[in-house]
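These numbers come from the heavy atoms of this one structure, side chains and all, not from hydrogens, waters or symmetry mates.
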Amino acid sequence: MKKIFLISVLFFSLLNAELLTLQESIDTVLKNYPDVKSFEFKVKQSESSYKSAFADYLPQINLSAQYNAAQTFVLPQNGTFHTVDDSGWNAGVNLKQKVWDFEKTSSKVAATKVDKDISKLSLKELKALLVFKVKGLYELMVVQNEAIKVRKKDLESKAAYYAQAEALVEQGLKTQADASRFLSALYLAKDNLAIAETSYEKAKTTLELYMNKKIADGVELEEQVLKKELHKLQGIEKEILNNNYTLQIDEKNIEKNILLHKSAQASHFGSVDIVASYNHLDTLNVYDTKLAGITLNVPLYSGGRVSAEAQKAQISAEIAKEQRRSRELALKEEIQSLLLDIIRYAKTIAAKKAQLKSAKDTKSVLDARYKEGLATYIEVLDATSLVLNAELGLLEAYYYRTLSIDRIDYLKGKYNE
C-alpha cells in the first residue's frame with residue numbers, strides 16, 4: 001500500500017512540475033535582454049540620420065526679421081553727404097533649392113541608408129549570438145541534470161556496496177580493507193555529485209540573468225535537445241557565406257565607405273542652387289525687394305580639407321575590403337573545424353553506446369561473482385566506474401555535438417528557431 005502511495009505522489013509531482021522549453025528561454029531572453037533594446041534604439045537612430053540627410057534634397061526656406069531702434073543713414077545732398085538717425089525694420093523670406101551637386105548629396109544619403117541597413121543587421125547578429133548562448137546554457141543544464149541523475153545512482157550504488165562490505169566484514173567474509181575501499185569510493189561519489197549540482201546551478205543562474213526571470217527549482221527540461229543531428233553536411237559552407245550577418249555587415253561597410261568617398265570627391269565641384277527671396281523694408285523709405293535666380297558655388301581652396309576627407313574615405317573603403325577577406329578566411333576555417341568535429345562526435349557517440357552496453361553487461365556479471373566471493377572489490381569498483389564513465393562520456397559527446405550544430409546555426413544567421 002505504501003509503495004502505491006509513493007508512486008502516486010511521484011506521478012502527480014511529475015505532472016505538476018514546471019516545464020521550461022528551449023524556445024521559451026530564447027523568447028524570454030530576446031524580449032528582456034538590455035542589449036537587444038539598445039540595438040533597437042540604434043536602428044531608430046539610424047533612421048533619423050537617414051531622414052536628416054535626405055532633407056538636403058528638399059527646399060530650404062528661412063524667415064528673417066530685423067528691427068533697429070536707431071540706425072544711421074547716409075544721404076547725398078547738394079554734392080555732399082548728410083547723415084540721418086532713424087529707426088527701421090525689415091522682414092523677408094528666403095528659399096534655396098539644391099539643383100545639382102555632382103552627386104555629393106545623393107551619395108551621402110545613400111551612405112546613411114546603408115548605415116541604417118548595418119544597424120538592422122547588427123541587431124540580427126546580436127539576436128543570433130544571444131540565441132547561441134542561451135542554447136549552450138540550456139543544454140548545459142540538461143547535461144548537468146542528467147549527470148546529477150547518473151551521479152545519484154552511482155552514489156546509491158557505492159553506499160549499497162559499502163553497507164554490503166560492512167556486513168560481510170562483520171561475518172568475517174571480507175576484510176576491513178574492502179570496506180575502507182568502498183568508503184573511499186563513497187566519498188568520491190558524493191564529491192562528484194556536488195560538482196555536478198554546482199555546475200547545474202551555475203548554468204541555471206546565468207540563464208536566469210539572461211532571461212531576467214527566476215527559474216523554478218526542479219524545473220523539467222527538454223532532454224531531446226541533446227539529440228540534435230546535422231543530416232546534410234554538403235553546401236553548409238556556401239550557405240553560411242551567403243547568410244552570415246557579420247559578412248553582410250562587412251559588405252555594407254565597404255559599400256558605405258565607397259559612397260562616402262564618392263560624396264567627398266564630389267565636394268571639389270561645388271553645387272548649383274536655385275535661390276529666391278522676398279523682403280519688405282521700412283526705413284527712411286518703404287519698399288519691397290525680390291530675387292529669383294541660380295547660383296554656382298565652386299570651392300577653389302579649402303586648405304586641403306576636401307582632398308584629405310576624400311582620401312580618408314578611400315582608405316576606409318580599402319580597410320573594410322581587407323577586413324571582409326580576413327573574416328571570410330577565418331569563417332571558412334571555423335566551418336571546416338566544426339564539420340570535422342560533428343563527424344567525429346557521431347563516431348564517438350556510437351562508440352560510447354557500445355562501451356556503455358558492454359560495461360553494463362560486465363558489471364552485472366561481476367556483481368554476481370562478488371556476492372559469491374569470486375570477484376574482488378577492486379573488480380567491482382572498476383566495473384562500476386566503467387559504466388559511470390561510459391554514461392557521462394555519452395552525455396558529453398551528445399552535448400559537444402549539439403554545441404557544434406548550434407554554432408553552425410549561429411553562423412548561418414539563425415535566431416528565430
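- Looking at E223 and K149, a side-chain N of the basic residue comes within less than 4.0 Å of a carboxylate O on the acidic one, giving a salt bridge.
- Side-chain atoms of Y138 come within 3.5 Å of backbone atoms of L20 as a donor-acceptor pair (strictly under, hydrogens ignored).
- Geometrically, K227 engages Y398 in a cation-pi contact, judged by NZ or CZ lying under 6.0 Å from the ring centre and within 45° of the ring axis.
- Between the side chains of E237 and Q336, at least one donor N or O lies within less than 3.5 Å of an accepting N or O.
- Side-chain N or O atoms of Q60 include one that pairs as donor or acceptor with a backbone N or O of A55 at under 3.5 Å.
- Checking side-chain atoms of S358 against main-chain N and O of A354 turns up no donor-acceptor pair under 3.5 Å.
- The closest side-chain donor-acceptor pair between H268 and S307 falls under 3.5 angstrom.
- At least one test fails for K124 against the ring of Y245: distance under 6.0 Å to the centre or angle within 45° of the axis.
- Of the possible donor and acceptor atoms, one in the side chain of N243 sits under 3.5 Å from a partner among the backbone N and O of E239.
- Using a 4.0 Å cut-off between charged nitrogen and carboxylate oxygen, K256 and D117 do not count as a salt-bridge pair.
- Inter-residue side-chain proximity for V225 and T402 is flagged as unmet; no heavy-atom pair is nearer than 4.5 Å.
- Using a 4.0 Å cut-off between charged side-chain N and carboxylate O, R324 and E328 make a salt bridge.
- Below 30°, between 30° and 60°, or above 60°: for W89 and H280 the angle between ring planes is between 30° and 60°, a tilted geometry.
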Before you tell me yes or no, could you show the steps for K152 and E156 under salt bridge (Lys or Arg N to Asp or Glu O under 4.0 Å), namely the whole-Å CA-CA distance, both residues' side-chain angles and the distance that decides it to 0.1 Å? CA-CA 6 Å; K152 283 182 176 179; E156 292 172 1; over 6 Å; no
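- Electrostatic pairing of R325 and E322 counts as a salt bridge here, judged by a charged N lying under 4.0 Å from a carboxylate O.
- Using a cutoff of 4.0 Å between basic side-chain nitrogens and carboxylate oxygens, K51 and E47 are not scored as salt-bridged.
- The residues E391 and K153 are annotated as not salt-bridged, no charged nitrogen and carboxylate oxygen being separated by less than 4.0 angstrom.
- Rounding to the nearest 0.5 angstrom, the gap separating the CG atom in L22 from the CD atom in Q224 is 9.5 Å.
- Geometrically, K135 does not engage F132 in a cation-pi contact, judged by NZ or CZ lying under 6.0 Å from the ring centre and within 45° of the ring axis.
- Side-chain polar atoms of Y278 and D288 form a donor-acceptor pair below 3.5 angstrom.
- Side-chain contact check for E146 and Y200: no donor-acceptor pair (N or O, by modelled atom type) lies under 3.5 Å.
- A salt bridge does not link E40 to K37: none of the charged nitrogens lies less than 4.0 Å from a carboxylate oxygen.
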